[in-house]
Amino acid sequence: MVELRHVKALSSMAQSCSGIGDCRTAYRQALGWYGVCPMVDHTPGFEPYYARGKIRAIRGILEGKIEPSEGFARVMYHCTTCGACKAVCHVSGVAQITWPTSKYIDHTRLFEAVRTDLVELGLGPMPRHREILDWARREHNPYMEKHEDKFRWASGRELRSRADVFFFTGCTGPYRMPAVCQDVYDVAAAAGVSLAVSPDEWCCGSIALRVGDRGLAETLARHNLEVFEKAEAKTIVTHCAGCYRTIKKDYPEILGELPFEVLHVTELLARLVEDGRLELTEGELTVTYHDPCHLGRHCEVYEEPRRLIGSAPGVKLVEMKRNRSGALCCGAGGGVKSAFPELALSIARERLAQAKETGARLLLSACPFCERNLSDAGAANPSLKVQVKDVSSFLKERLKMK
Amino acid sequence: MDKVLRALEDAVGSDYVSVEDFVLYTYSRGIEGALEEVMPEYVVRVKSTDEVSKVVKVANRYKVPIVPRGGGCCLMGGSKPIEKGGIVMDLTGMNRIIDINLEAMTAAVECGITWAKLNTLLFEKGYYTGTLGPGSGMSATVGGGLSHHSVGGGGAAMYGTCSEHCVALEVVLPQGDVVQTGSNASIYIKESFCRFGLGPDILSIFLGDNGIFGIKTKATLEIFPRPDYHECKTFLLENPGDVNAAKIWLEWRRMGSLGIYDSQYLPPLTVVAYSGFLTEFPFIPAWKGIDKGILWYTIEAYTEEELEEKVKLADEVVRRHGGEELGEKIEDGNIARWHYEKHGFWQNWHALWNIAGPGCVPCSTEHHVPIHRMPDMFRAFEKWEEENRSLLEKAGAFSGVSTAILCGHTAVEVDSGLVVWDRPELRSLNKQLWINQMHMVIRNGGMPYMTGELYSQSLVDAAAFPEPYFELLRTLKRTLDPNGIISPGKYRL
């Protein structure tokens, strides 16, 4: 009998699943729930494609009824780890009523644990993940790019290596969406905040953690901690929601208590706007906002991006039906975009259709990884095309020049 | 290649058939607490009536049984095979709304849609299905609900069971023919509106049938305008609370329509458990220290004046029987307000899982009794628990009634059962206790409605059906399903 040792340590989570299955497609208008798991409608949709079935299959292995297999592994990687299942699992919707199961299960933690076991068993991660992780070991990024090219985005800017606030640029921004890095840097500078950056920064390790390579994630985390310490940073700012979740929630588990504050750029900029350090120009525009899962459901940052958007005079924010903790994932997370690109795009198309329904011409988000997947889906489907932009870029366009 | 597999792939496409063990395993149980998993040999996920029909014909050709499955929420083993092998047919992919007809006041849907999805879309139009399906309505499907006479997910006091509001049903019969019933039985009726006409009510044999007579693919349900006004109140009841609750409900019923949309009674043990007695944290902190039963109601009305009058009349009855109102807010412990305003009706029994910690699951013996007989059933449970004390202790199990729900004009749904530890070494003992309690309920005149595997077999084993009735049931089954293809084993058929 094969042992899943990481899952076994969390076996009470698996045992606590009632099997009711709200994690498939719960609707509950009073709480803003209009569906849950992004996998259900974009895959064959058998039970193991969503949380209840995944947990039941995991229990089957723990109880020796079935063995892990390649097929099992493949379906376990059909999950963006978006956390929508956890957001509805026995959740009463009011603070005064707590149903017990909601206290006992952390779905994404359990799914990441099973992936760690699959890696140890040689059944995971998926072939494309292996290529990416091998590259990340050598060049410290998952994009098959050379490490030394990471800071091309900064051309023409005088970068500081030490400052109170350290800008952790991540990988998607520098290698695939350099303008977003530039915009974050410039908007902060306009508010009088000089950000430190480091050419020694490595991938945060999110992709490694999500697909189950904990060893690589730990190596990357330890290196980055040294970089942060060298920069004498009091605050680490990220613009990628994945980096944010990883540094804020996973690093303390790997490294212990962190000697600095971790902020998403929307949290930093919201403070700067509230302090009157950023002035924005007026202009009528209707926009909508996509909550990145790692920023929203994982770290509960919902209001800062909205406050930032709302601070631009003349801008009207219209919500998609699925927003905040009920938001539909963009489809890219948890290693899905790299291993199953068509699946990621299919989910993104559904999200774009929801954005289009609002009548907004502009879809803002706060994570370059989401923005990239949504843009890719839009580019291939002109009927769904809604312009996708990062909140920082949106703000930069609206900066009142002094 | 397996010829059945090849035929199934031809019927639904190869992506929608699975024989992988980890997939089969996930269809080997519903949410019943103490049954062994029983794996099918194939799982198919269908997308249309035509596919359902094709799969059924394949099953007949090769004599392979089928268990139709909606949300997989049956508490009695109804959505899994009873014997190893066969096909589990997952209908959750058939989840479209076909038509919402506000003129005829009906909604036509594919049966794999959930009660919550349908009602959420109806709420937006100011309507609902009255009875909102079972307490697991965010996952449970319309087809599953109609197969179980489901109730408990809201609206039970006013609208009764969900079956009462079905006016047309499309069913794939056990040999693959597709039949339209209710209004749709006549080709000249273009809009379904009523099932009582055109001769005998053939539709009804498919309601509450636990999927033994066919596979429901499309249903048309009555829909009702959702009133603009409501009041939600929660009361402490003097002991014996069950006696007082029954008196209150009987008086309400004798007063005519008071607009009671829902009313439930929670005995003292449930109240104590919900206040956190069994675990390290309280579920409803406002109930801490309460040692009485709780009764709550939701009243709906179409005008403010109507609401005021109905609330006044209902409250007078409650007070006369020793009811003491808790505060009006949810934080005061007013669970009725959460139930209605936060759509807690679809989480009615979620508290029972892990109620005493991880791995603790309910084994339901829920059933209907007449309102005036509810206290008798409570006493029957106390007697049963006394008689089975040593076995309950050996299993570390709890027994009792968690909630009683006013259901339709004449009935109470008694949500009784066991809470057991779901451990392989305890399953046999848990099952023994569970079946034993089902027999007690049946012999005391309780009327099971969600029968699945265990209650349907217990009805037969307890000799509840006289021979002429059971022979009629057998004859119907043999006539419709001569090969014994659909849901074999239920009712020992």
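Because the structure is a prediction, the values reported are computed rather than measured. Just so we're on the same page: letters track the sequence lines, and every chain starts at 1.
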_For A:T101 and B:N354, which I'm curious about, is there any donor-acceptor pair between the side chains at under 3.5 Å?_
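Yes, a side-chain donor-acceptor pair sits under 3.5 Å.
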*Taking atom types as modelled, find out whether A:Q15 and B:R423 have a side-chain donor-acceptor pair closer than 3.5 angstrom.*
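Distance-only check fails for A:Q15 and B:R423.
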*Is the cationic atom of A:R74 (NZ for Lys, CZ for Arg) positioned less than 6.0 Å from the six-membered ring centroid of B:F22 and within 45 degrees of its normal?*
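Verdict for B:F22: no cation-pi partner in A:R74.
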Side chain, backbone, both or neither: which part of [X] has an atom under 4.5 Å from a heavy atom of chain B?
X: A:R28; answer: both
X: A:L31; answer: side chain
X: A:V36; answer: neither
X: A:Y49; answer: neither
X: A:K103; answer: side chain
X: A:E63; answer: side chain
X: A:Y104; answer: side chain

Options [options], ranked by heavy-atom pairs under 4.5 Å with chain A, top entry:
options: B:R29, B:K117, B:E20, B:K342; answer: B:K117
options: B:Y16, B:W338, B:F123; answer: B:W338
options: B:W287, B:Y25, B:W115; answer: B:Y25

*State whether A:E303 and A:R324 are salt-bridged, where the test is any N-O pair (Lys NZ or Arg NE/NH1/NH2 against Asp/Glu carboxylate O) under 4.0 Å.*
yes
*asked:* Under 4.0 Å between a side-chain nitrogen and a carboxylate oxygen: does that hold for A:E120 and A:R5?
replied: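 Looking at A:E120 and A:R5, the cut-off is met.
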*Which heavy atom of B:K47 sits nearest a heavy atom of B:V12, and at what distance?*
NZ-O, 3.0 Å
